[in-house]
Structure formats: C-alpha cells, structure tokens
Amino acid sequence: EGLTLTASSNSTGYKGVCYRPKERGSKKYELKVRVGDKMAFLGCFATAEEAALFFARREAGKDTSDHAALPPPPPPPAPSTAAGTEAIQQAGGEVGD
C-alpha cells in the first residue's frame with residue numbers, strides 16, 4: 001500500500017496503539033489518537049500491526065470503513081414448533097432450508 005507505520009517508544013512500538021491484556025475477546029490492541037485537545041477512540045484490533053496500519057491509512061486519507069463495518073447478523077434459528085414451521089411456509093419458505 002506504500003504506507004509507513006508510525007513508530008513510537010511505547011510498549012507496542014506504534015503511535016496511538018496500546019495493549020489491553022484484560023480486554024475480553026481476541027482484539028486486545030486499542031487505537032486512540034488526539035483530535036484537538038481530546039482523545040478519540042478508533043477501535044480495537046487483534047494485533048498491534050493491524051492497529052498501526054489502520055492509523056497509517058487514516059493519516060493518508062485512505063478508506064478505513066472496512067474496519068468499522070459490522071459483521072453480518074447470524075441466521076435466524078430454525079423453528080422448533082409447528083407454529084414456527086407454519087409461519088415459514090406462509091412466508092414462502094420451505095422447512096428445512
């Protein structure tokens with residue numbers, strides 16, 4: 001991409017990136033930047049490099065919407081009652097799809 005990751009003397013080695021070992025889930029690297037006189041939270045990432053790349057893309061004015069996109073919702077649960085099966089059939093679906 002031709003981007004340069006901004007180095008820092010902090011524990012992660014990247015500007016704005018900090019490690020949160022007690023954070024739940026797999027995204028333990030947090031990215032914050034200063035905007036004016038306030039800190040802005042930009043997200044949590046699985047690796048320090050991912051966070052630093054997001055920061056580099058943002059600084060370069062590149063699209064960062066892929067990180068902000070929410071995952072697709074899970075599929076609806078299968079009907080467990082006769083009423084649920086009837087509702088699917090009325091909606092035009094087939095039971096057991």
- Among pairs that include at least one residue of residues 15-35, which meet ring-ring contact (aromatic ring centres under 6.0 Å, His included), considering only residues two or more places apart or in two chains? Y19-Y29

- Message: Ignoring hydrogens, what is the shortest heavy-atom contact between L31 and K15? Give both atom names and the distance.
- Response: CD1-O, 4.0 Å

- When rounded to the nearest 0.5 angstrom, what is the spacing between CZ in F55 and OG1 in T6? 5.0 Å

- Query: Heavy-atom distance under 4.5 Å between the side chains of V33 and R58, does that happen here?
  - Reply: yes

- Give, for atom NZ of K62 and atom CG of L53, the distance between the pair rounded to the nearest 0.5 Å. 9.5 Å

- Message: Which heavy atom of A56 sits nearest to which heavy atom of L5, and what is that distance?
- Response: CB-CD2, 4.1 Å

- Query: Just by distance, do the side chain of K28 and the backbone of E23 share a donor-acceptor pair under 3.5 Å?
  - Reply: yes

- Message: Closer than 3.5 angstrom, by distance alone: can the side chain of T12 be matched with the main-chain N or O of V17 as a donor-acceptor pair?
- Response: yes

- Are Y14 and F41 linked, directly or through other ILVMFWY residues, by side chains that come within less than 4.5 angstrom of each other? no

